[in-house]
2 protein chains.
Amino acid sequence: MTVSTHERGREWLTKGGLRPTKQRLSLAGLLVGDGENRHVTAEGLHTAAQTAGESVSLATVYNTLRAFCQAGLMHEVTVDGTRSYFDTRMDDHPHFFWEEENRISDAPAGELHITSVPTPPAGYEVAAIDVVVRLRKL
Amino acid sequence: MTVSTHERGREWLTKGGLRPTKQRLSLAGLLVGDGENRHVTAEGLHTAAQTAGESVSLATVYNTLRAFCQAGLMHEVTVDGTRSYFDTRMDDHPHFFWEEENRISDAPAGELHITSVPTPPAGYEVAAIDVVVRLRKL
DNA sequence: GTATATGCAAACCGTTTGCATGGCT
DNA sequence: AGCCATGCAAACGGTTTGCATATAC
């Protein structure tokens, strides 16, 4: 388990052309170690690292997440002005935002379809379409 | 012009059940005085008020925008973690986000259609669907 | 008169940065 | 050896808050 987790993290870093330092391996392991997509906040990932006994400073978590995004390994998702969310899944897809838990997750595939994307104004292109489905407890 | 601007602002406040103080009338006039929808940041509205010769403190702009939202007169739009945008148009509609100008506007009506909204998980309802089309200069 | 809105400045919170130290290749 | 990542703490920027004053009803 630990072995494959680390291997996966290491491969992931290699794919992004990033040097496999101890902290990056720790964080990469937490993010992609089990092959699932993950949605984290910097704070949350920092806590997860502490809990796992890894020593990574909060500043490094921020820097590392930024490096992962620049390397094309992750995605920043904006759903709430007060926090940044980072997603390991790279294709453009809709998210659920659980308002009372301050949490995001992928919206079930195929349940939301966008037809007829707006024509961008002259001189502009559509960089991405962010879709956030806000969920509220009944 | 000035007269009808003020009247519109006053009516708008009344509709939200808010006391028509001098500052609220100023801001309401700037927001809905010409009957158009507006997308503002707190900072931007504050500057607009200054320019118009109205004296409103930044804290009051924030408090007032929050009051307008709570009263159901406006909407907060999240497109960028670093700033809050407020929209006078109340129906659920997609936005353009102009990345290099840090500005939002309504996406042209009818050009984006969402079919088959995701089924909310048991115990939850869909509060809103936020759609942001990010535009980048070519 | 009473409740509520305003202004100011200070607190706040998530995020970023400067700089010295330590690790990777 | 040289470059780059890390950690810490301090700076940062947008937003909120506490408290005294002023205003609407």
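We name chains A, B, ... by the order of the sequence lines, and we start the count at 1 in each one.
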- [ ] Starting from the 5' end of DNA chain D, give me the residue, B:Y85 or A:S57, whose nearest nucleotide shows up first.
- [x] A:S57

- [ ] Please state how far atom CG in A:L18 lies from atom C1' in C:dG23, giving the value in whole angstrom units.
- [x] 16 Å

Task: Same apolar cluster: B:L13 and B:L30, side chain cutoff 4.5 Å - done: yes

- [ ] Check DNA chain D against residues 63-81 of chain A and give the residues with a non-hydrogen atom under 4.0 Å, in numerical order.
- [x] A:T64

TODO: Provide, to the nearest angstrom, the distance between the CD atom belonging to B:E43 and the P atom belonging to D:dT16.
DONE: 13 Å

Task: Flag for B:Q23-B:T60: side-chain donor and acceptor within less than 3.5 Å - done: no

Open item on the list: Just N and O in the side chain of B:T41: are any of them under 4.0 Å from OP1 or OP2 of D:dG14?
Closed with: no

Open item on the list: It should be established whether B:T60 places a side-chain nitrogen or oxygen under 4.0 Å from OP1 or OP2 of nucleotide C:dG7.
Closed with: yes

- [ ] Would you mind reading off the distance between A:L13 atom CG and C:dC24 atom P, rounded to a whole angstrom?
- [x] 13 Å

Open item on the list: Under a 4.0 Å threshold between the charged nitrogen and the carboxylate oxygen, would A:D130 count as salt-bridged to B:R134?
Closed with: yes

Task: Value in whole Å for how far the C1' atom of C:dT15 lies from CG of A:L45 - done: 15 Å

Task: Nearest-angstrom distance from the residue atom OH of A:Y62 to C1' of C:dT16 - done: 9 Å

Task: Sidechain N-carboxylate O distance under 4.0 Å for A:R38, A:D87 - done: no

Task: Rounded distance in Å - CG (A:L58) to C1' (C:dT17) - done: 13 Å

Open item on the list: Let's see if you can work this out: which of C:dT15, C:dT25, D:dT17 has an atom nearest to the side-chain heavy atoms of B:A59?
Closed with: D:dT17

Open item on the list: Taking donor-acceptor contacts at under 3.5 Å, does the side chain of B:R19 reach the base of C:dA5?
Closed with: no

Task: Among C:dG7, D:dC25, D:dG7, the one nearest A:Q23 by side-chain distance - done: D:dG7

Open item on the list: So, using ring pair (Phe, Tyr, Trp, His ring centres under 6.0 Å) as the criterion, who are the partners of B:F68 when residues are at least two apart?
Closed with: B:W12

Open item on the list: Please pick, from C:dT25, D:dG7, D:dA24, the nucleotide with the shortest atom-to-atom distance to any side-chain atom of A:V56.
Closed with: D:dG7

Task: d(NE2, B:H46; P, D:dG13) in whole Å - done: 17 Å

TODO: Please state how far atom CZ in A:R24 lies from atom P in D:dA5, giving the value in whole angstrom units.
DONE: 5 Å

Task: Between B:D92 and B:H75, a side-chain donor and acceptor under 3.5 Å - done: no

- [ ] Would you mind checking if A:K137 and A:E100 are paired as a salt bridge, meaning a charged N to carboxylate O distance below 4.0 Å?
- [x] no

Task: Phosphate OP1/OP2 of C:dT6: any B:T21 side-chain N/O under 4.0 Å - done: yes

